[in-house]
Amino acid sequence: MQSDEARARTAATTVAGKFFDRLAATGHVATFEGHPPVTLRFDLIDGQGTDRWYVAVSNGDVNVTRRGGPADAVARLERRHFEAISTGRMNAQAAMLRGLLTCEGSVAALVMFQRCLPSPPGSTGRIAPISGATVTAQKSREGDAA
């Protein structure tokens, strides 16, 4: 078993560690402005133990530390699942629905945090919502083709 210091050095070089380092280096996320202050703790679990990342957001300013302690939202998941989320290969809400991510406390805080997660690889951005009329027209055309 690694010492806490060795584990912290290893964690900083993981995909998750690099994600949190980039988030900390950003220092400010405009989409978080105007929201009440919130704290989130991410407990990333693997065969070696648990790494904790603590994120405090206040009016868009983001601070990331490695401390534990209470938070408005505590997300627990396997490291590999967080790494998939932090690279855009898995959606955080879908991970929650599938039971891969659990959240204690404010789910709203976790949903807000999802704004700083990347889009899926190859994504060109958000798509406009589809109207009911468009869906009906598409189904009608599919029925005509059959």
Side-chain angles (χ1 to χ4, degrees), residues 1-139 142:
M1 195 77 148
Q2 291 181 325
S3 71
D4 288 343
E5 185 178 316
R7 185 154 178 75
R9 279 194 309 271
T10 301
T13 63
T14 64
V15 171
K18 290 175 184 175
F19 169 81
F20 284 114
D21 286 347
R22 281 191 306 273
L23 183 61
T26 300
H28 187 84
V29 178
T31 60
F32 293 162
E33 291 175 3
H35 288 278
V38 67
T39 56
L40 303 103
R41 191 182 81 216
F42 293 87
D43 294 348
L44 309 183
I45 303 159
D46 63 17
Q48 302 287 320
T50 302
D51 284 328
R52 289 183 174 79
W53 299 90
Y54 192 88
V55 179
V57 180
S58 180
N59 198 31
D61 295 331
V62 179
N63 183 36
V64 179
T65 62
R66 294 299 312 277
R67 70 183 187 93
D72 296 318
V74 177
R76 287 188 180 85
L77 65 162
E78 289 184 29
R79 174 186 312 285
R80 65 188 174 104
H81 297 312
F82 183 82
E83 291 180 349
I85 290 169
S86 68
T87 56
R89 293 178 291 126
M90 182 185 294
N91 179 281
Q93 289 180 4
M96 245 174 82
L97 291 172
R98 292 171 54 200
L100 303 175
L101 180 158
T102 62
C103 180
E104 292 178 10
S106 174
V107 174
L110 189 61
V111 170
M112 180 195 79
F113 181 79
Q114 189 168 339
R115 294 179 188 169
C116 69
L117 297 171
S119 299
S123 171
T124 58
R126 295 183 179 258
I127 58 171
I130 285 183
S131 69
T134 303
V135 171
T136 303
Q138 287 175 346
K139 286 186 177 185
E142 290 170 3

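Numbers here are sequence positions counted from 1. Being a predicted model, the structure only gives us computed values, none of them experimental.
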Colleague: Looking only at heavy atoms, which two atoms of Ala109 and Leu40 are closest? And how far apart?
Modeller: O-CD2, 3.6 Å
Colleague: What are the two closest heavy atoms between Arg41 and Pro70, and how far apart are they?
Modeller: NH1-N, 4.3 Å
Colleague: Evaluate the side-chain proximity of Thr14 to Asp51: yes if any heavy-atom separation is below 4.5 Å, no if none is.
Modeller: no
Colleague: Is a side-chain N or O of Asn59 found less than 3.5 angstrom from the main chain of His35, in a donor-acceptor match?
Modeller: no
Colleague: Is any side-chain heavy atom of His81 less than 4.5 Å from a side-chain heavy atom of Arg89?
Modeller: no
Colleague: Could I get the full list of side-chain hydrogen bond (donor to acceptor under 3.5 Å, both in side chains) partners for Arg98, not counting sequence neighbours?
Modeller: none
Colleague: Tell me the closest heavy-atom pair linking Ala71 and Tyr54, and the distance in Å.
Modeller: CB-CE1, 3.8 Å
Colleague: Check whether any side-chain heavy atom of Arg79 lies under 4.5 Å from a side-chain heavy atom of Val15, and answer yes or no.
Modeller: no
Colleague: Measuring from Leu44:CG to Arg76:CZ, what's the distance to the nearest 0.5 Å?
Modeller: 11.5 Å
Colleague: CD1 of Ile45 to CD of Glu78: how many Å apart, nearest 0.5 Å?
Modeller: 7.5 Å
Colleague: Grab the two heavy atoms, one from Leu101 and one from Ala92, that are nearest each other, plus how far apart they are.
Modeller: CD1-O, 4.3 Å
Colleague: Could you go through Leu110 and Gln93, starting from their C-alpha distance and side-chain angles, then the distance that decides it, and tell me whether this counts as side chain to side chain contact (heavy atoms under 4.5 Å, CB included)?
Modeller: CA-CA 9 Å; Leu110 189 61; Gln93 289 180 4; over 6 Å; no
Colleague: Is there a donor-acceptor contact under 3.5 Å from the side chain of Thr39 to the main chain of Asp72?
Modeller: yes
Colleague: Please identify each residue that fulfils side chain to side chain contact (heavy atoms under 4.5 Å, CB included) with Thr26, with sequence neighbours left out.
Modeller: Val29
Colleague: Decide yes or no for Leu77 and Leu100: does some side-chain heavy atom of the first lie under 4.5 Å from some side-chain heavy atom of the second?
Modeller: no
Colleague: Provide the closest heavy-atom pair for Arg115 versus Thr31 in the form atom of the first, atom of the second, distance.
Modeller: NH1-O, 2.8 Å
Colleague: Could you check whether any side-chain heavy atom of His28 comes within less than 4.5 Å of a side-chain heavy atom of Glu33, counting everything from C-beta outward?
Modeller: yes
Colleague: Just one of Phe19, Phe20, Phe42, Phe82 clears the ring pair (Phe, Tyr, Trp, His ring centres under 6.0 Å) bar with Trp53, so which one?
Modeller: Phe20
Colleague: Report the C-alpha distance between Arg80 and Asp46 in whole Å, list the side-chain angles of each, state the deciding distance to 0.1 Å, and finish with yes or no for side chain to side chain contact (heavy atoms under 4.5 Å, CB included).
Modeller: CA-CA 8 Å; Arg80 65 188 174 104; Asp46 63 17; over 6 Å; no
Colleague: Please find the pair of heavy atoms, one from Ala16 and one from Glu83, that lie closest to each other, and give the distance.
Modeller: N-OE2, 3.7 Å
